[in-house]
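Input: a single structure, listed below in structure tokens.
All chains are named by letter (A, B, ...) in the order of the sequence lines, taking the proteins before the strands, and each is independently numbered beginning at 1. Atom set for the values below is all heavy atoms of this structure, side chains included, hydrogens, waters and symmetry mates excluded.
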2 protein chains.
Amino acid sequence: MSKRLSATSPRTRRRPGRPVGGGVVVDRAQLLAAAAHVIRSEGPDATMAEIAAAATVTKPILYRAVGDRRALTFALSEVLVDRINIAVEERRVNATDPRAQFEGAVRGYLSAVDADRNLFLFVNGGSQDTDVIRGLIDRSAAQLIELFATARSAAGRDPIAARTWAYAIVGAFQVVTLMWLRDAYCDLDTVADDLTLLLWPGVATAGS
Amino acid sequence: MSKRLSATSPRTRRRPGRPVGGGVVVDRAQLLAAAAHVIRSEGPDATMAEIAAAATVTKPILYRAVGDRRALTFALSEVLVDRINIAVEERRVNATDPRAQFEGAVRGYLSAVDADRNLFLFVNGGSQDTDVIRGLIDRSAAQLIELFATARSAAGRDPIAARTWAYAIVGAFQVVTLMWLRDAYCDLDTVADDLTLLLWPGVATAGS
DNA sequence: GCTCCGAATTTACTCGGAGTAACAAATGAG
DNA sequence: CTCATTTGTTACTCCGAGTAAATTCGGAGC
């Protein structure tokens, strides 16, 4: 990142200086929160300058604290995925039988993304770099992979299938959500029902 | 100042406009073919200037013939989707029972994309504009939507589910393919098997 | 045959955004 | 007081998309 320039012999090591002139201490987390806020209000195609300005900060500060746009997107994808996971868990634990759990998870995902459309769109389309998309997918798929892999291993079968299944589910969710957000071709419950109808049979038998 | 002349040889300081009558008529299809070619060889992050140069054409010509980058991406997505559909059909007709047809289609999709990785990556990540992605998805999903909708209508049920199902399948394929292309975490047949395992049960029952 | 007009093209530009280098301000140690 | 170090800001470069102005040639009119 930053290249420290060594001018002369470091006679004395100094503590990091304090902010100048009563400035606000800018923290990576604060910057991310501000970025999420401006994206939510201004839309998914916010520029780095806009994000910096919204955090009452200048661009180099943003860059030093968060990194470049890829890093920002990546970090915000963490935020979004965490939020989605919370919503999914909330819905899932309220159901007893597995299929209802799955359907609850679908609903939780959809409503979480619906509440954060712009962040979803930013994270999904914000970068032409596929590395970012890949990171987001991996993060989204992490639990699913683990879940499937343990089930699969317990059944004494090849756990490599877990990755494919997790990716497939993540992809299905992503695309359905994207199209649904843009077209609103039906209501949330219908989407959740149909998605469950399509995916649940496979998921139910996937562990075996 | 501008130093654009430095790259060109001073001998051929200028190549004036070529005769219109005997010259090469540049056609939209030719430009698209050239674009596909350069993307395949140079990679998915080819610039418009590179594409134009590869077609032995200047940028304004490219822009007049095919439109801006979004239009180019859209057109190339047509090319890719058509190619995929051909491969899918080829594999599908060689199978008799429905499940084998589905699995064949999966294999056809994967091998077609594998043969055109760069084009796939260009089309998928080439634009930060979600409209392009949306168009690609709609195009990919068109047959699936129709297929599901007729099956669904024949069963006397709501055909709106067809869209969700088609989007889900397209998304599952897209993401699985993206991750598989980048990581090569297993071979094609394994991916096809696992994808079929996950999706087929739902697809088989989806019409009813 | 010569000149001028229109169509197609190329050069050279603008515009916008990502990312960064150079500069200024301020602070604590010696 | 002075200087080194850190922090923040201005102003820049770079690069690529998209386009406007300039240029040349084929062909029509004189």
Side-chain angles (χ1 to χ4, degrees), chain A residues 1-28 30-31 35 38 42-74 122 126-129 132, chain B residues 1-10 12-28 31 35 38 42-74 122 126-129 132:
Chain A
M1 288 279 221
S2 69
K3 184 169 183 280
R4 192 158 306 251
L5 44 101
S6 58
T8 59
S9 62
R11 295 168 30 153
T12 55
R13 190 89 173 93
R14 282 180 167 77
R15 275 194 322 115
R18 293 190 356 228
V20 197
V24 184
V25 179
V26 280
D27 177 358
R28 180 186 158 96
Q30 281 179 278
L31 289 179
V38 65
E42 296 296 322
D45 46 359
T47 69
M48 294 299 272
E50 285 171 350
I51 291 170
T56 59
V57 144
T58 50
K59 271 203 297 174
I61 296 184
L62 178 64
Y63 275 92
R64 284 178 197 170
V66 177
D68 59 3
R69 194 182 178 85
R70 287 179 47 199
L72 174 66
T73 309
F74 201 81
F122 177 84
S127 173
Q128 64 268 35
D129 192 352
V132 176
Chain B
M1 295 308 195
S2 66
K3 49 182 177 181
R4 292 175 172 81
L5 300 175
S6 62
T8 61
S9 160
T12 64
R13 195 177 110 244
R14 173 189 326 170
R15 194 162 69 105
R18 35 143 227 91
V20 175
V24 182
V25 179
V26 280
D27 180 356
R28 180 186 157 97
L31 289 179
V38 66
E42 296 297 321
D45 47 359
T47 70
M48 294 298 273
E50 285 171 350
I51 292 170
T56 58
V57 147
T58 52
K59 273 203 296 176
I61 296 184
L62 179 62
Y63 275 92
R64 283 164 77 103
V66 314
D68 59 3
R69 194 182 177 84
R70 286 180 48 200
L72 174 65
T73 309
F74 200 82
F122 177 85
S127 173
Q128 64 267 37
D129 192 353
V132 175

Just list the side-chain donor-acceptor pairs under 3.5 Å for residues 59-68 of chain B, sequence neighbours left out, or say none.
residue: B:D68; atom: OD1; partner: B:R70; partner atom: N; Å: 3.4
residue: B:D68; atom: OD1; partner: B:A71; partner atom: N; Å: 3.2

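Shown here are the side chain to side chain contact (heavy atoms under 4.5 Å, CB included) partners of A:E42, two or more places apart in sequence or in another chain: A:V38.
In this structure, B:R64 places its CZ atom 11 Å from P of C:dT10, rounding to the nearest Å. Taking atom CD1 of A:I51 as the reference point, atom P of C:dG17 lies 12 Å away to the nearest angstrom.
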Indicate for each nucleotide in nucleotides 14-20 of chain D, in 5' to 3' sequence, whether protein heavy atoms under 4.0 Å reach the base (B), only the sugar-phosphate (S), or nothing (-). --SBBBB
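Each end of the helix from C:dG1-D:dC30 to C:dG30-D:dC1 gets its own rotation axis from five pairs of C1' atoms, and the angle between them is 40° to the nearest 10 degrees.
In this structure, the separation between CD1 on B:I51 and CG on B:L72 is 5.0 Å, given to the nearest 0.5 Å.
Contact record, B:T58 with B:A52: C-CB, 4.0 Å, taken as the closest heavy-atom pair.
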